[in-house]
Amino acid sequence: MSTPAVSGNSGNTHIADAVHALLDTDQVSRLLGIEVPSAAQGRAVARMRVRPDMVNGHRILHGGLLFTLADTAFACAANSFGPAAVTAAADVQFLRPALLGDLLTAEAIVGTRSGRTLICDVTIRRDNDVLAEFRARGSLIVERHPGL
């Protein structure tokens, strides 16, 4: 699959160089069709359309895929500053189901940075409806290891 996870980057959107580098090798986001129209200065937006292969036996989006969308938005916001950051812990509150065909938008904002730790909140919406709230604690990677 050759569709890039990064989109936009023209007009009033901006993608930090570190986020470009991260998404260039992010096969999961590419597989799920996640697009990132903006990611800079501790903020990011990620979008994903719910496809037939993403719904569970209840005919709603599998919760793990919604978590993945939120985690991708978190990763883009957290890594927009540099140095590299990874998820250390995360919690999601599912409020409403996402349905086949829905276009989901995850907005991430890093609120706290202290030492090697950061806290980021992500809100996942379908239009104006909030479907989930996600909070993650990230850890900065001091040095890059092969594959990270």
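A quick note: this is a predicted structure, and the numbers were derived from the prediction, not measured.
There is a side-chain donor-acceptor pair under 3.5 Å between Asp71 and Thr87.
Connection of Val28 to Phe74 is established within a shared hydrophobic cluster, with ILVMFWY side chains joined at heavy-atom distances below 4.5 Å, either directly or through further cluster members. There is a path of hydrophobic side-chain contacts, each under 4.5 Å, that joins Phe94 to Leu61. Hydrophobic clustering (ILVMFWY, side-chain heavy atoms < 4.5 Å, transitive): Leu65 and Ile60 are in distinct clusters. The cluster map of Ile, Leu, Val, Met, Phe, Trp and Tyr, joined by side-chain heavy atoms under 4.5 Å apart, puts Val45 and Val36 in different clusters.
Between the CZ atom in Arg43 and the NE2 atom in His14 there is a gap of 14.5 Å [rounded to 0.5 Å]. Here SG of Cys76 is found 9.0 Å from CD1 of Ile34. Values are rounded to the nearest 0.5 Å. Here Arg125 contributes atom CZ and Asp102 contributes atom CG; the two are 14.5 Å apart, rounded to the nearest 0.5 Å. Atom OG1 of Thr105 sits about 8.0 Å away from atom CG of Asp127, to the nearest 0.5 Å. With rounding to the nearest 0.5 angstrom, the CG atom of Leu23 is 6.0 Å from the OG atom of Ser29. Note that CG of Leu104 and CG of Asp129 are 11.0 Å apart. Values are rounded to the nearest 0.5 Å.
Put simply, the side chain of Val50 reaches to within 4.5 Å of the side chain of Val55, judged on heavy atoms. Put simply, the side chain of Thr72 does not reach to within 4.5 Å of the side chain of Met48, judged on heavy atoms. Within the 4.5 Å cutoff, the side chain of Glu133 has no heavy atoms near those of the Asp121 side chain.
Ile124 and Ala106 get closest at one heavy-atom pair: CG1-CB, 4.0 Å. Scanning both residues, Ala73 and Ala108, for their nearest heavy atoms gives O-CB, 3.4 Å. For the residue pair Val19 and Ala39, the shortest heavy atom distance occurs at CG1-CB, 3.8 Å. The two residues Pro52 and Leu100 come nearest to each other via the heavy atoms N-CD1, 3.3 Å. In this structure, Leu118 and Ala78 approach most closely via the heavy-atom pair CD1-CB, 3.8 Å. When all heavy atoms are compared, the tightest approach of Leu131 to Ala98 is CD1-CB, 3.8 Å.
With hydrogens and angles ignored, the 3.5 Å screen pairs a side-chain donor or acceptor of Asn79 with a backbone N or O of Ala75. Between the Arg126 side chain and the Pro97 main chain, a donor and an acceptor come within less than 3.5 Å of each other. Under the 3.5 Å distance criterion, the side-chain polar atoms of Arg49 are matched with a main-chain donor or acceptor of Gly101.
Using cut-offs of 30° and 60° on the angle between ring planes, the pair Phe67 and Phe134 is perpendicular.
Contacts classified as salt bridge (Lys or Arg N to Asp or Glu O under 4.0 Å) and involving residues 81-92 (residues at least two apart or in different chains) are not found.
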message: For a side chain to side chain contact (heavy atoms under 4.5 Å, CB included) check, start with the C-alpha distance between Leu140 and Arg113, then their side-chain angles and the critical distance, and finish with the verdict.
response: CA-CA 10 Å; Leu140 301 181; Arg113 289 175 43 177; 6.0 Å; no
